[in-house]
Number of protein chains: 2
Amino acid sequence: MLDLAILGLLEERDLHGYEIRRQLREHLGLLANVSFGSIYPALTRLEKSGAVVATEGGGTEAPGPAAAPAPPTGSLSGELAVLRSRRHSPARARRGKKVYRITETGRQLFAELLAGGGATDDARSFGLRLAFARHLAPQARLALLERRRALLVQRLGEAEEARADLDVYARSVVQHTADGIARDISWLDTLIASERDDLATAGTEPVT
Amino acid sequence: MLDLAILGLLEERDLHGYEIRRQLREHLGLLANVSFGSIYPALTRLEKSGAVVATEGGGTEAPGPAAAPAPPTGSLSGELAVLRSRRHSPARARRGKKVYRITETGRQLFAELLAGGGATDDARSFGLRLAFARHLAPQARLALLERRRALLVQRLGEAEEARADLDVYARSVVQHTADGIARDISWLDTLIASERDDLATAGTEPVT
DNA sequence: GGAAGAGTATATCGGTTCGATATAGCGGTG
DNA sequence: CACCGCTATATCGAACCGATATACTCTTCC
C-alpha cells in the first residue's frame with residue numbers, strides 16, 4: 001500500500017510524482033524503495049478516486065536544486081495563481097509538471113489506511129504505518145503496535161511448531177528469520193512501553 | 001522468484017501444487033508464504049517452458065529413472081496422500097491431481113536461478129537461494145554470500161547518508177530497519193567464515 | 001557558443017505476485 | 001445422511017516492479 005505513503009507525504013506539502021519518489025527513497029529508503037512504475041499509476045488511481053487533485057503546475061518557482069514545489073501557505077490563492085499563470089502563459093511550464101494536493105476525502109482515506117483499514121500483514125505496510133504514526137491518536141497508536149506484536153508472536157509460534165528436517169543452510173535461514181522476528185517483538189515491546197508511559201503521564205499529570 | 005522454490009522442491013521429489021504450497025509454508029513459512037494464486041500460474045509457466053512435466057493422476061509410478069514419487073523414509077503427508085489416493089481410487093486420481101516432475105531443462109534453470117541468474121535483490125530471493133545452497137558448488141556458495149554482503153553494506157551506507165529530520169516514529173522505524181541490516185551482515189559474516197573454513201580444510205586435509 | 005551529459009519529470013508495458021473467490025471430490029462426525 | 005472441513009485446481013482483478021520511452025532543463029567542457 002503505497003497509497004498510504006503518498007498520502008502521508010501529501011499531508012505535509014503538495015508534491016509531484018518525482019519528488020514523492022525522492023522523498024521516499026531519501027527518508028525511508030530501506031523501507032519503501034518505490035519505482036515510478038508504481039508511483040504514477042498510484043497517483044492516477046488516487047486522483048480518480050478523489051483522494052488527491054492535480055494542478056498542472058508550470059510554476060515559475062525558484063529553480064534551485066532543492067526546489068520544493070510547495071506553494072505559499074495561502075493555499076487557495078496559490079492554486080488560483082497557478083491556474084491563471086498557466087492560462088496566460090501557455091506553452092512553457094516545463095512539460096506539464098503535475099503537482100498533487102490532498103483532499104478531504106484523501107485525508108479520510110489516509111486516516112483509515114493508517115489505522116489498519118485495508119489491513120495487509122506485511123512488514124512494509126506496518127513500517128509505513130508506524131512511520132506516520134504521529135498522525136494517529138495515542139490509543140490508536142498503541143492498538144497498532146499491539147496488533148502487530150500479537151501477529152508476530154503468532155507467526156513465531158507457528159514457525160516453531162515445524163522446525164524439521166532441514167539441512168544446514170535452510171535451517172540457518174529459517175533460524176535467522178525467526179531471530180529477526182523475536183527481535184522485532186522486543187523492539188515493539190519497548191515502543192509499547194513507551195506509549196503506555198506517555199499515556200499514563202499524560203493522564204496523571206495534565207499540567208507540567 | 002518462486003520458480004526457484006518450486007524447482008528446488010521438485011528436485012527432491014515429484015509433487016503437486018497443493019503439496020508444494022504446504023511444504024513451503026511448513027518448512028519456509030517465514031520466508032515464503034506463497035498463495036495458490038502464485039503457485040498455479042507458476043506451474044503452468046514452468047510447464048510451458050519445459051522445465052517441468054505434469055503427469056495426470058496418482059498411479060503409474062517410476063517409468064523414468066530414479067524419480068519415484070514416494071521414498072519410504074519420509075513419513076511426509078505428500079507420501080501419504082499419494083498412497084491413499086492410489087489405494088482408494090486406482091485409476092482416476094481424485095479430480096485430476098497433477099503431479100509435476102522436474103526435467104533436465106528444469107534442473108538447468110534451477111542451477112541458473114540459484115547461482116543468481118535473474119538477479120532480484122530482495123531479501124526473499126536471497127533467502128530462498130541460500131535455503132537451497134546445498135545444491136551449489138562451494139565457491140558459488142561463497143560468491144552468493146559475498147555478493148549479498150556487499151549489497152547490504154552498500155545499502156546501509158546509503159541509508160546512513162540521509163538520516164534526517166524525521167519524527168520519533170519514523171526515526172525509530174528507520175533505525176530498527178538499519179539495525180536489522182547490520183545484523184544480517186554479521187550473520188553473513190559468520191556464514192562466510194564457515195564457508196571459508198570448509199574450503200580451507202577441504203583443501204589442506206583432503207582425507208579425514 | 002554549442003555539443004554532450006546529467007538531472008528532472010511523466011508515462012506505459014509486460015510480467016509476477018497476492019488475496020479473494022469458485023468449484024468439486026473426499027472423509028469423518030453428530 | 002447431511003453437513004463440515006480438508007484436499008485440490010483454477011481464475012480474476014489489482015498492485016507492484018523493472019525496463020523502457022520521451023522530452024525538457026541545466027551545467028560543463030571544449
Side-chain angles (χ1 to χ4, degrees), chain A residues 1-6 15-25 32-49 54-69 91-100 113 118-122 124-125 128, chain B residues 1-6 15-25 32-49 54 56-58 77-89 92-100 113 118-122 124-125 128:
Chain A
M1 239 47 178
L2 91 161
D3 294 17
L4 176 66
I6 292 175
L15 292 170
H16 55 256
Y18 195 86
E19 259 292 306
I20 289 175
R21 180 184 193 242
R22 175 192 285 150
Q23 299 237 347
L24 282 180
R25 285 174 98 96
N33 201 341
V34 203
S35 89
F36 289 127
S38 315
I39 285 272
Y40 289 113
L43 283 171
T44 309
R45 200 162 67 226
L46 287 172
E47 192 183 6
K48 211 170 293 183
S49 80
T55 72
E56 291 282 336
T60 53
E61 297 281 331
R92 296 288 71 92
R94 51 197 309 172
R95 220 273 261 229
K97 186 151 103 181
K98 280 192 190 172
V99 175
Y100 290 91
L113 290 176
T120 46
D121 282 350
D122 58 305
R124 278 179 51 157
S125 289
L128 235 35
Chain B
M1 242 42 178
L2 91 161
D3 294 19
L4 177 66
I6 292 176
L15 291 170
H16 51 99
Y18 193 86
E19 258 294 304
I20 288 174
R21 181 175 125 111
R22 175 192 285 151
Q23 298 238 347
L24 282 180
R25 285 174 99 93
N33 201 342
V34 202
S35 88
F36 289 127
S38 315
I39 288 272
Y40 289 114
L43 283 171
T44 309
R45 200 161 69 226
L46 288 171
E47 192 182 6
K48 211 169 294 181
S49 80
E56 291 280 335
S77 33
E79 234 175 277
L80 296 179
V82 168
L83 291 176
R84 220 185 306 123
S85 88
R86 219 182 297 158
R87 195 169 15 163
H88 287 308
S89 57
R92 306 235 327 153
R94 61 197 315 182
R95 219 278 258 223
K97 184 152 105 182
K98 281 191 188 174
V99 176
Y100 290 92
L113 290 176
T120 46
D121 282 351
D122 58 306
R124 278 178 52 158
S125 289
L128 233 36

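Order of the sequence lines sets the chain letters (A, B, ...), proteins ahead of strands, with each chain counted from 1. On a predicted model such as this, the values are computed, not experimentally measured, just so you know.
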Tell me, do B:Leu128 and B:Met1 make a side-chain contact under 4.5 Å, heavy atoms counted? no
Rounded distance (Å) that lies between atom P of C:dA9 and atom CG of A:Leu43: 14 Å
Under 4.0 Å between a side-chain N/O of A:Tyr18 and OP1 or OP2 of C:dT8, yes or no? yes
Spacing between A:Lys48 atom NZ and C:dA11 atom C1', to the nearest angstrom: 13 Å
Sequence neighbours left out, what passes side chain to side chain donor-acceptor pair (under 3.5 Å) with B:Arg124? Give chain and number order. none
Check B:Ile39 against B:Ile6 and note the closest heavy-atom contact, atom names and distance. O-CD1, 4.4 Å
Mind calculating the distance between CD1 (B:Ile20) and P (C:dT17) to the nearest angstrom? 13 Å
Starting at CD1 of A:Ile39 and ending at C1' of C:dT12, how long is that distance when rounded to a whole Å? 15 Å
Side-chain N or O of B:Arg22 versus OP1/OP2 of D:dC6: is the shortest distance under 4.0 Å? no
What is the distance, rounded to the nearest whole Å, between atom CG of A:Leu24 and atom C1' of D:dC16? 14 Å
side-chain contact (heavy atoms from CB on, under 4.5 Å) involving B:Ser35 - partner list, sequence neighbours excluded: B:Arg21, B:Ser38
Establish, with yes or no, whether the OP1 or OP2 oxygen of D:dC24 is under 4.0 angstrom from a side-chain nitrogen or oxygen of A:Lys97. no
Between A:Tyr40 and C:dT10, is there a side-chain N or O to OP1/OP2 distance below 4.0 Å? yes
Contacts of B:Thr120 that satisfy side-chain contact (heavy atoms from CB on, under 4.5 Å) - sequence neighbours left out: B:Asp122, B:Ser125
Just to verify, what does A:Thr44 make a side chain to side chain donor-acceptor pair (under 3.5 Å) with, not counting sequence neighbours? none
Between A:Gly17 and B:Met1, just flag the one whose closest nucleotide in DNA chain C comes earlier from the 5' side. A:Gly17
What integer distance in Å separates B:Ile6:CD1 from D:dT9:P? 12 Å
Run the side-chain contact (heavy atoms from CB on, under 4.5 Å) test against A:Tyr40 and tell me which residues pass, sequence neighbours left out. A:Tyr18, A:Phe36, A:Leu43
I need the CG-P distance between B:Leu2 and D:dC17, as an integer number of Å. 18 Å
Would you say D:dC16 has OP1 or OP2 under 4.0 Å from some side-chain N or O of A:Arg124? no
Mind calculating the distance between OH (A:Tyr100) and P (C:dT10) to the nearest angstrom? 7 Å
Under 4.0 angstrom between A:Arg45 side-chain N/O and D:dA14 OP1 or OP2: no
Give me the distances for all protein-to-nucleotides 19-21 of chain C N/O pairs that come in under 3.5 Å?
none

